[in-house]
Amino acid sequence: MNIHTLKKFASYINSNSKLRLIKRIGDNLFYVNINGEIFYFDLSRGKSLIFITQESLISSKSYNAPFDKTMLKLSNSTIIKAIAEPNNRILKLYLQIQNSYKSQEILMQVEFTGKNTNLIILQDNIVQDALHHISNETSFREVKINKPLAELSPLKEFKDKDEGELFYALKNNFEKLQQNLLSAKKLKLKNKISQKISQINKNLSSLKNKDDLEKNAKKHALYGHKILEHLHNFSNFKGSYIVLDGLKITLPNNCNNLSLAAQIFFKTSKKENKKAQNLHIESENLLSKKEFYKNLLELIENTHNIGNLDIIDSNLSYKHKSKKETKTNESFFIEGFKISIGKNSKENIELLENAKADDLWMHIKNIPSSHLIIHSGKNKIPEIIIKKAAELLVSYYKGYSGRYEVDYTKRKFVKIVQGANVNYGKESTIVILKD
């Protein structure tokens, strides 16, 4: 963080400002609302800075650690004083928190200091909480709750050049951050998807031929019947194979009991018949998944927002909680809300059937396309989540660039007519522009 820009920022918010909200939207990224203006504190070690952007940055997950709950208590506090230390990259915000019982003063110390980068909440120089808790075993400076905080040594010299007007510098910080991170993040996601497509191709290649499966099913059924026909003649049979009516039958491994062998052959035959009948379903599912990942690759290529890339990554990193869940649609996460999209008509039907009454249903107006569900239950969904989900739905649709209307309503107001065709009411509409 440029020290000249940090001093200008402190001067800009110096007094009588309102800290309306501060919260994490990334492991080290903070959304900060001061007097209705949105700033972002990136406290990644070695590359910390403050920036602004017109883009809506949002997290794929919700942060609810004790530190985040402490941060929320700072919301709607008054900034009594803001100081940028003269010989260090440290911003000190002195806050007055007013509640129904008392007023208290808190210091929020934001340190843009390389390996010591941190956000520390203090009262009377006693640590109340911190983004990074540090023991004296790993650092010369301990940062622990209920312990006093030692001062950082001032820097001897600065090579920082003045970056010019404050808001120009903060906007430029974001543009530089985007340039450095966007291409790296895209490459990482593309590699992930390429690996998944490669695995799907292997699975497709390994699918057995339907005729071969049916042929083997008949063979194993015949083995079972032959054994049962002659079972009474071999009460004390021992061996790894048997010849019946001129047919040599090799018994299953570690099985020298003819009765058990017959059961295994019948069971195997049943499995092979079922697999032959369902082979087209397995193939369709794999091809549908492959097409989905190809769509994601295109979506990544056209994305210019790191937050949106994180939402895409939430799908690639998502671990299903049960085998049943892996059979249904695709899921993304936006600030902890699970977003599910159907890849085809069958999955759209599953989405509709499995959604809860108060979940939010979404669909592009008057266009045959995917259905989307925001799994909210009775929780209120913030407008930004609805907007991001609608953008995701439109981005996933392989259609023209331009203006799209997306309707959304609670699932209980959506009636299935036939297949994935529905009638719905009490809807709202949001307009999304697709590049």
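Quick note: numbers below take in every heavy atom, side chains included, and nothing from hydrogens, waters or symmetry partners.
Side-chain contact between Asn278 and Glu282 is absent, with no heavy atoms from C-beta onward closer than 4.5 Å. Put simply, the side chain of Ile300 reaches to within 4.5 Å of the side chain of Ile193, judged on heavy atoms. Between Ile386 and Leu360, the closest side-chain pair of non-hydrogen atoms falls below 4.5 Å. You'll find the side chain of Gln96 stays beyond 4.5 Å of the side chain of Ser77, heavy atoms only. At least one side-chain heavy atom of Met1 sits under 4.5 Å from a side-chain heavy atom of Ile50. Residues Val394 and Leu392 have side chains not in contact (no heavy-atom distance under 4.5 Å, counting atoms from C-beta outward).
Side chain of Asn88 to backbone of Ile90: no donor-acceptor contact under 3.5 angstrom is found. Within the 3.5 Å criterion, the main-chain N or O of Lys346 finds a donor-acceptor partner in the side chain of Asn344. A distance-only check finds a donor-acceptor pair linking the side chain of Ser59 to the backbone of Lys61 [under 3.5 Å].
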Pair Glu291, Lys343 - check salt bridge (charged side-chain N to carboxylate O under 4.0 Å, His left out), show working. CA-CA 9 Å; Glu291 185 63 24; Lys343 299 194 295 291; over 6 Å; no
If you apply the rule side chain to side chain contact (heavy atoms under 4.5 Å, CB included), what do you find for Val127 with Ile121, and how did you get there? CA-CA 6 Å; Val127 175; Ile121 301 167; over 6 Å; no
side-chain hydrogen bond (donor to acceptor under 3.5 Å, both in side chains) between Glu105 and Gln123: does it pass, once the steps are laid out? CA-CA 7 Å; Glu105 289 189 11; Gln123 188 170 30; over 6 Å; no
Show your reasoning for whether side-chain hydrogen bond (donor to acceptor under 3.5 Å, both in side chains) applies to Glu55 and Asn305. CA-CA 8 Å; Glu55 296 182 19; Asn305 181 304; 2.8 Å; yes
Apply ring-ring contact (aromatic ring centres under 6.0 Å, His included) to Phe174 and Tyr40, showing your working. CA-CA 9 Å; Phe174 177 69; Tyr40 296 92; 7.6 Å; no
Begin from the C-alpha positions of Lys387 and Glu383 and carry the test salt bridge (charged side-chain N to carboxylate O under 4.0 Å, His left out) through to its verdict. CA-CA 6 Å; Lys387 182 174 183 289; Glu383 289 296 321; over 6 Å; no
Can you list the steps and then say if Lys186 with Leu309 is a side chain to side chain contact (heavy atoms under 4.5 Å, CB included)? CA-CA 7 Å; Lys186 282 187 175 185; Leu309 291 179; 3.9 Å; yes
Take Gln195 and Tyr293 through the test side-chain hydrogen bond (donor to acceptor under 3.5 Å, both in side chains) and record every step on the way to the result. CA-CA 10 Å; Gln195 290 173 9; Tyr293 284 133; over 6 Å; no
Please list, one pair per line, the donor and acceptor atoms closer than 3.5 Å that link side chains of residues 419-433 to other protein atoms, with sequence neighbours excluded.
| unit_1 | atom_1 | unit_2 | atom_2 | d |
| --- | --- | --- | --- | --- |
| Asn421 | ND2 | Gln418 | O | 3.4 |
| Tyr424 | OH | Asp407 | OD2 | 2.5 |
| Thr429 | OG1 | Asp407 | OD1 | 2.6 |

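The two residues Lys185 and Asp313 make their nearest non-hydrogen contact at NZ-OD2, 3.5 Å. Closest non-hydrogen pair, Tyr397 versus Ser369, comes out as CD1-CB, 3.9 Å. Heavy-atom minimum distance, Leu393 versus Ile364: CD2-N, 3.9 Å. Annotation for Phe265 and Pro252: closest pair CZ-CD, 3.8 Å, computed over non-hydrogen atoms. When all heavy atoms are compared, the tightest approach of Leu43 to Ser48 is CA-CB, 4.0 Å. Scanning both residues, Lys69 and Asn64, for their nearest heavy atoms gives CE-O, 3.5 Å.
In this structure, the ring of Tyr31 has its center no less than 6.0 angstrom from the ring center of Phe39. Note: Phe41 and Phe30 fail the aromatic proximity criterion, with ring centroids not under 6.0 Å apart.
Test Gln109, Met71, Arg24 against Leu119 for side-chain contact (heavy atoms from CB on, under 4.5 Å) and you get one pass: Met71.
From Asn203, atom CG reaches atom NZ of Lys289 across 11.5 Å, with rounding to the nearest 0.5 Å. Atom CG of residue Asp27 and atom OH of residue Tyr63 lie 3.5 Å apart, to the nearest 0.5 angstrom.
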